[in-house]
Protein chains: 2
Amino acid sequence: MERAQRGDRLERADRARQAELGGGMSPPRRRPRIADVAREAGVSKTAVSFAFNSPERLSAETAGRIRSVADGLGYRPNPVARMLTQRRTMTLGVLTPQALAVIFSNPFFALFSEGVAQAAEDLGYELHFISPLHGSLALAVGRSTVDGVVAIGLSAEHPEVEQIRGAGLPMVLVDSDDLPEHSSVVVDDEAGARAAAEHLVALGHRNVLVLAVEEAEESPGGALARDTHPPTTAELGRSESVTARRLRGYRAVFEEAGTAIDDDDVIAGRASIDGGGAAFQRAWRLGRRPTAVLAMSDAMAIGAMTAARAVGLRIPEDISVVGFDDIDLAAHVDPPLTTVHQPVRQKGADAVRLLIAEIEQRVASRPEHLRLPTRLIVRSSTGPAPAAGRTR
Amino acid sequence: MERAQRGDRLERADRARQAELGGGMSPPRRRPRIADVAREAGVSKTAVSFAFNSPERLSAETAGRIRSVADGLGYRPNPVARMLTQRRTMTLGVLTPQALAVIFSNPFFALFSEGVAQAAEDLGYELHFISPLHGSLALAVGRSTVDGVVAIGLSAEHPEVEQIRGAGLPMVLVDSDDLPEHSSVVVDDEAGARAAAEHLVALGHRNVLVLAVEEAEESPGGALARDTHPPTTAELGRSESVTARRLRGYRAVFEEAGTAIDDDDVIAGRASIDGGGAAFQRAWRLGRRPTAVLAMSDAMAIGAMTAARAVGLRIPEDISVVGFDDIDLAAHVDPPLTTVHQPVRQKGADAVRLLIAEIEQRVASRPEHLRLPTRLIVRSSTGPAPAAGRTR
DNA sequence: TACTGTCCCTAAACCGGTTCAGTAAACCGG
DNA sequence: CCGGTTTACTGAACCGGTTTAGGGACAGTA
């Protein structure tokens, strides 16, 4: 009965398809379903399911026959249907508030993804990148089919955080530990920034330019006006962004050395080579003539080096440059970049491990908060401050 | 998990009973389903579905009420269930035969992904990266839930190609047009390689080292032994890989100039900075003393430059280096890299557009084959060949 | 003989949505 | 007052699997 009805439908569907194609073509074969295999093998759907998932529940002979019938038909269990019944997708989401195209142009993110991918692969999970769809991160989150989410660069203010929590989706935050009830992985940004600043102070620098990573706001209706202006001190006070933590580190050291870094000394740009170059140029045009640059990403530092050379400065004789992250490339530019190393790959891998632990254990687990170390790597892009008066 | 499900059921039963009795404890809230919303709003499941997907089929009043009940319950349609009925996932797969961790360390791939992500976002699709799971690409493909696949670096020999075709999954090939029945996007690798080689020949170079991209084989049982040895001429003859096409271009030019590039002049390595460095070192240790390096990727070229400097060579006075791809970084290394530009972002975007066209139009469409141009960008990493006899 | 336990397999319920086919009520022109 | 539309909504089938609960055959035991 059920069979008769189903057959009827199929026949109709096939006819429609053939009509579309003008008929007469080789059968545009419909993907076989479990019922087709069952019929062909003369067993129940259950048996077919067992043959794939728990063969020990069938006699070896039956299991083998079912599998060979399935192979013959080219049958593959539909993964979506499987997800539905198992209520697991074996997929992890990587959530970023920025467009994927922006993300992939950032070498830091590539490094992070490497760590994420390595751990996910090892543990048998697939990866799904979640970023704003039609400008809405919420929409993308709602549409995505993942067992959990690694959120990077997502601060507590983002409304999506609430949505994810509401959906009961396990989440691990990276570079933010604002939400104590979610596990998190951060690095000691402030200490790293201090180390970088102390290095410059020790070399005699007192006139420094900070290249901050601009924090893109994607909120659909929200004011986005901060395109170029740096985050003000007030803003940084209440937000615990990476930028804020690093800036605090820089500032503390220079204040101790008797020179304040004020808002004019901080300029924001995209975390890319071009973004760093543009930011440096902007500062230069505004008349800033620093003896050193503290960039919050290596990509920006590299862009700044190129831009500095373009206005005739030698590195490190005329101007010193310090980066942040220690991406692979940092050692290969000329001069090799002095930078703050952070274990980016490990950050990704640890986040995934934390996330999967949460997904796989049913009992509510205490969130863990990891803080990984940073350390200064001195290469050749930094040197003694040029003698005063010869700043140009 | 079995236990978990059973628990879930009991919980549901209990909750139903509690609801009947009118008493309710604060529950470990289960995610609400469409039936919960329907009951709460006093309508059918169908009506709830309409409220979300075709509100015009309901009175404004009813639609509004349903939505607000849904909001109150925190209801979100389960995307997996939706995929199942609609038989669409609105997700595109990016298929690579290499591990994701390897892929992300390749700047070329980042650039490609940028293009892919941009186009996918514009057209409302999500992105799912598919790479070998537990060493099996076939397993990963079988498990993935996508409407179509962009395959990069996948040659016709890969058995997965057959699997994908068998599954009836739309696919676009990038950097391979071996399979005429699938759309493809390639660049004119051979012409690009010729241009690079001609540039070197014109500068007087006759002793050149080629850094080839090693083509990782992932076939589970297959021989993998080619770790370091370059692809032999015979192998390259039958395969139409990128490496093969570029090598053919290099060879043709040098043969015309009277110097053959033989297998000893070709060394393979990973398409990363370190891979290029290692390959150069290997060649150097084997006694090769070329006046120029033709690298098949910019990352390898940059690694080779660093390695060359490490053995005391100046660039371009002692040795010239030409890359391939023209990644953003190429202009920023020192000296700026002479390289063959290819429109990598566009390649990704075009592939996605072709794929989505195929997915969205019901009628079988003719596959399209795009071939994008390449062009040589001369910067400062190449110069005249050093006078003979002073090759060291 | 009756009871118990295994082994192998199946019918039916279920996952959480969408969609088909239809129905009751309101509307509408003649 | 009547047949014909529209409007607003619903019950049941369906997407393609997995899992629960249990049935029949057969062997072993009391």
Side-chain angles (χ1 to χ4, degrees), chain A residues 1-10 12-13 16 30-39 41-66 70 73 75-89 142-143 145 167, chain B residues 1-13 30-39 41-66 70 73 75-89 142-143 145 167:
Chain A
M1 190 144 326
E2 185 196 358
R3 199 167 300 157
Q5 277 198 344
R6 190 172 289 159
D8 213 43
R9 277 176 70 100
L10 292 181
R12 206 180 314 141
R30 183 183 47 83
R31 180 175 175 162
R33 322 171 266 180
I34 197 168
D36 300 323
V37 179
R39 184 172 352 91
V43 296
S44 68
K45 291 194 312 176
T46 308
V48 179
S49 180
F50 284 165
F52 280 86
N53 303 310
S54 20
E56 73 281 1
R57 298 189 58 175
L58 298 178
S59 71
E61 194 268 329
T62 307
R65 182 165 43 89
I66 293 177
L73 259 45
Y75 169 75
R76 300 257 97 207
N78 179 322
V80 175
R82 215 199 274 246
M83 283 179 182
L84 182 60
T85 61
Q86 307 202 141
R87 280 174 290 177
R88 299 192 64 179
T89 64
R143 185 180 286 190
T145 54
Chain B
M1 191 171 62
E2 188 178 301
R3 196 171 306 149
Q5 278 211 341
R6 185 173 295 156
D8 213 44
R9 291 215 172 151
L10 291 180
E11 189 203 344
R12 199 179 317 135
R30 183 181 49 85
R31 180 173 174 165
R33 329 170 257 184
I34 197 168
D36 300 322
V37 179
R39 184 174 350 92
V43 295
S44 68
K45 290 194 315 176
T46 308
V48 179
S49 180
F50 284 164
F52 280 87
N53 304 311
S54 24
E56 73 282 359
R57 297 189 60 175
L58 298 178
S59 71
E61 193 269 327
T62 308
R65 181 164 45 88
I66 294 177
L73 259 45
Y75 169 76
R76 299 258 95 207
N78 180 323
V80 175
R82 219 202 272 248
M83 283 179 181
L84 183 60
T85 60
Q86 308 201 139
R87 277 168 291 179
R88 300 193 64 180
T89 65
R143 183 179 290 191
T145 54

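Just so it is clear, the values below take in all heavy atoms, side chains as well, and ignore hydrogens, waters and symmetry mates.
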What integer distance in Å separates [X]:[atom1] from [N]:[atom2]?
X: B/Arg143; N: D/dG17; atom1: CZ; atom2: C1'; result: 15 Å
X: A/Arg39; N: D/dG16; atom1: CZ; atom2: P; result: 13 Å
X: A/Ile66; N: C/dC8; atom1: CD1; atom2: P; result: 13 Å
X: B/Ile34; N: C/dC14; atom1: CD1; atom2: P; result: 17 Å

Encode nucleotides 6-12 of chain D as B, S and - characters from 5' to 3', where the letter depends on protein heavy atoms closer than 4.0 Å: B to the base, S only to sugar-phosphate, - to neither. ---BBBB
Is it true that a side-chain atom of B/Arg76 and a backbone atom of B/Arg31 form a donor plus acceptor pair closer than 3.5 Å? no
Which of residues 79-86 of chain B have a heavy atom under 4.0 Å from DNA chain C? B/Ala81, B/Arg82, B/Leu84, B/Thr85
Set of residues satisfying side-chain contact (heavy atoms from CB on, under 4.5 Å) with respect to A/Ser49, sequence neighbours excluded: A/Ile34, A/Asn53
With sequence neighbours excluded, tell me which residues meet side-chain contact (heavy atoms from CB on, under 4.5 Å) with B/Thr46. B/Ser44, B/Phe50
Counting side-chain heavy atoms from C-beta on, which of D/dT19, C/dG17, C/dT18 comes nearest to B/Arg33?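 Nearest to the side-chain atoms of B/Arg33, counting from C-beta on, is C/dG17.
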Sequence neighbours excluded, which residues qualify as side chain to side chain donor-acceptor pair (under 3.5 Å) partners of B/Thr85?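 With neighbours one apart ignored, the set is empty.
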Non-neighbouring partners of B/Thr62 that pass side chain to side chain donor-acceptor pair (under 3.5 Å), sequence neighbours left out: B/Ser59
Write out all pairs satisfying salt bridge (charged side-chain N to carboxylate O under 4.0 Å, His left out) with one or both partners inside residues 51-66 of chain B, taking only residues at least two apart or from two chains.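 Matches after skipping sequence neighbours: B/Glu61-B/Arg65.
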Less than 4.0 angstrom between a side-chain N/O of [X] and OP1 or OP2 of [N], yes or no?
X: A/Tyr75; N: D/dG16; result: no
X: B/Ser49; N: C/dT18; result: yes
X: A/Asn53; N: D/dT18; result: yes

For a side-chain contact (heavy atoms from CB on, under 4.5 Å) check, start with the C-alpha distance between B/Asp36 and B/Arg39, then their side-chain angles and the critical distance, and finish with the verdict. CA-CA 5 Å; B/Asp36 300 322; B/Arg39 184 174 350 92; 3.0 Å; yes
Polar-atom pairs under 3.5 Å, protein N or O versus N or O of nucleotides 24-28 of chain D: list them with distances, or write none.
none

Secondary structure of DNA chain C per the Watson-Crick/G-U criterion (both distances under 3.5 Å; [ ] crossing, | other strand, . unpaired) is ||||||||||||||||||||||||||||||
